[in-house]
Amino acid sequence: MITAHVESFVANIEELKHIIPLHYEELALNKDKVPLSPRWDRYAYSESIGELFFVALRDAGELAGYFIGFVAPGLHYSTCLTCIQDIFYVKPDERGAAAGKVLFDFVEKELKRRGVQRLITNSKNHFPAAWMFDRRGYEPIETIHSLWLGD
Amino acid sequence: MRNFLRIGQGTDVMPLMAAIMRQPDLWKEDTYLRDYPQGPFGDVDSIILRFPKKIVAATAEQAEQHLASIDQHESLDTPLYAALPEARPLVMGLMSYVGGTRLGRVIINRIRPGGRITPHCDTPDHAAYYERHHIVLQSAPGVDFRCEDEHVYMGQGETWWFNNAAEHEVVNNSASDRIHLIVDVRCAR
């Protein structure tokens, strides 16, 4: 059984330390130049001021995936409570059983309950999840570009 | 949150948990809730410490007549309460903390890993009369308690009030039993 839960990010750091490296290996770019080194203290601070939104996906108690976002009024749109996705992930062995649907069904419902008006998500071009967002009614609104400027 | 309120944390529940672990047969003494026809508690074991006197009525009419002839809010200690004296300070401490004027049902519920309490509302008369509290004896991430559109995780040693008149359900998607001490308290309002 896969279920989604709002949980404390800080309380999950030890479990995340086992999964985030999988996420990094599978999806990160420029790994030879950009090692995985999460700023756990910055996440903890965001949680302490109520901005961090962490949803854990669980299978028989084990962390099977997650959604991390930041919730705040938009910097340019102070009247629009916005959730900007940081990252989301479903472990490879948990895919294929609608885990992504369970995760985003819960994320959207819980954010709506909290009064969030806009949810902004993203996915990697080399590992796209756009098909899922298209299916859920999201609109593509922006393209992000990256340029490596040197060591 | 409108349906949940965490009113305490850090309660030492280990004396009661240890007493329960030492007496596993207590879970088999009373299967009233688990066996309740079409009830939501098919995945739940209970140790019923206080409960209204149970009767067996042959018809719905007889059951209604019985309820009309008694104070349906009166609960009595069961013999199992004597087997778990470690529960009493938790119950009476809560009574004192919330300004209780009458003690109702006191039940320890256990939901197995993968088990659930299906969506339901508690009996309106009962939910209107008593305030429902949960003292968490054992839980683990993966347990979800939903009431209407709100979800909470209740950690071990925490005490929560919740609105049992509204539709609620529990899913235990953890690897451990979820064990709660449930205490109904009539409060001065």
Side-chain angles (χ1 to χ4, degrees), chain A residues 1-20 47 50 52-69 71 81 83 89-91 93-94 97-117 119, chain B residues 1-6 8-11 17 40-44 109-119 134 136-160 162-163 166-180:
Chain A
M1 174 166 50
I2 295 276
T3 51
H5 313 259
V6 172
E7 294 187 12
S8 157
F9 177 87
V10 169
N12 275 282
I13 286 177
E14 290 309 311
E15 267 191 290
L16 285 167
K17 284 179 178 174
H18 294 290
I19 296 186
I20 281 187
E47 182 162 72
L52 191 75
F53 178 65
F54 177 71
V55 174
L57 204 55
R58 293 201 177 270
D59 182 355
E62 296 293 320
L63 195 60
Y66 46 78
F67 174 97
I68 300 172
V71 177
L81 191 59
C83 177
Y89 188 63
V90 177
K91 283 171 63 182
D93 59 349
E94 299 285 357
K101 180 179 186 307
V102 170
L103 181 62
F104 276 92
D105 280 354
F106 185 87
V107 164
E108 292 165 17
K109 198 170 177 182
E110 178 62 13
L111 289 173
K112 186 173 175 63
R113 188 188 71 77
R114 295 183 182 199
V116 171
Q117 294 153 287
L119 168 58
Chain B
M1 290 278 170
R2 295 181 177 174
N3 292 305
F4 293 102
L5 178 67
R6 186 172 62 190
Q9 52 191 321
T11 298
M17 271 304 295
F41 299 110
D43 290 338
V44 178
N109 276 346
R110 177 175 71 180
I111 309 176
R112 62 172 174 77
R116 62 178 65 220
I117 295 174
T118 55
H134 282 235
V136 183
L137 305 184
Q138 179 173 290
S139 196
V143 174
D144 182 62
F145 199 147
R146 178 188 68 80
C147 187
E148 292 186 321
D149 62 350
E150 297 174 340
H151 298 255
V152 295
Y153 171 68
M154 300 180 175
Q156 187 179 55
E158 295 179 348
T159 301
W160 289 72
F162 99 96
N163 175 17
E167 186 197 68
H168 53 281
E169 70 175 314
V170 181
V171 176
N172 181 6
N173 187 20
S174 81
S176 307
D177 288 324
R178 179 258 203 195
I179 304 175
H180 282 200

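Remark: Asp149(B) CG to Lys112(A) NZ distance equals 10.5 Å, nearest 0.5 Å.
Neither the backbone nor the side chain of Glu62(A) comes within contact range of chain B; no heavy atom of the residue lies under 4.5 Å from a heavy atom of that chain. Using a 4.5 Å cut-off between heavy atoms, Ile2(A) contacts chain B through its backbone alone, with no side-chain atom that close. When heavy atoms are compared at a cutoff of 4.5 Å, Pro141(B) approaches chain A by way of both its backbone and its side chain.
Nearest heavy-atom pair, Thr3(A) versus Val171(B), reported as atom, atom and distance to 0.1 Å: CG2-CG1, 4.1 Å. Contact detail for Val143(B) and His5(A): the closest heavy-atom pair is O-ND1, 3.8 Å.
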Exercise. Apply side-chain contact (heavy atoms from CB on, under 4.5 Å) to Arg113(A) and Glu150(B), showing your working.
Key: CA-CA 8 Å; Arg113(A) 188 188 71 77; Glu150(B) 297 174 340; 3.4 Å; yes
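Using a 4.5 Å heavy-atom cutoff, the side chains of Met1(A) and Arg116(B) are in contact.
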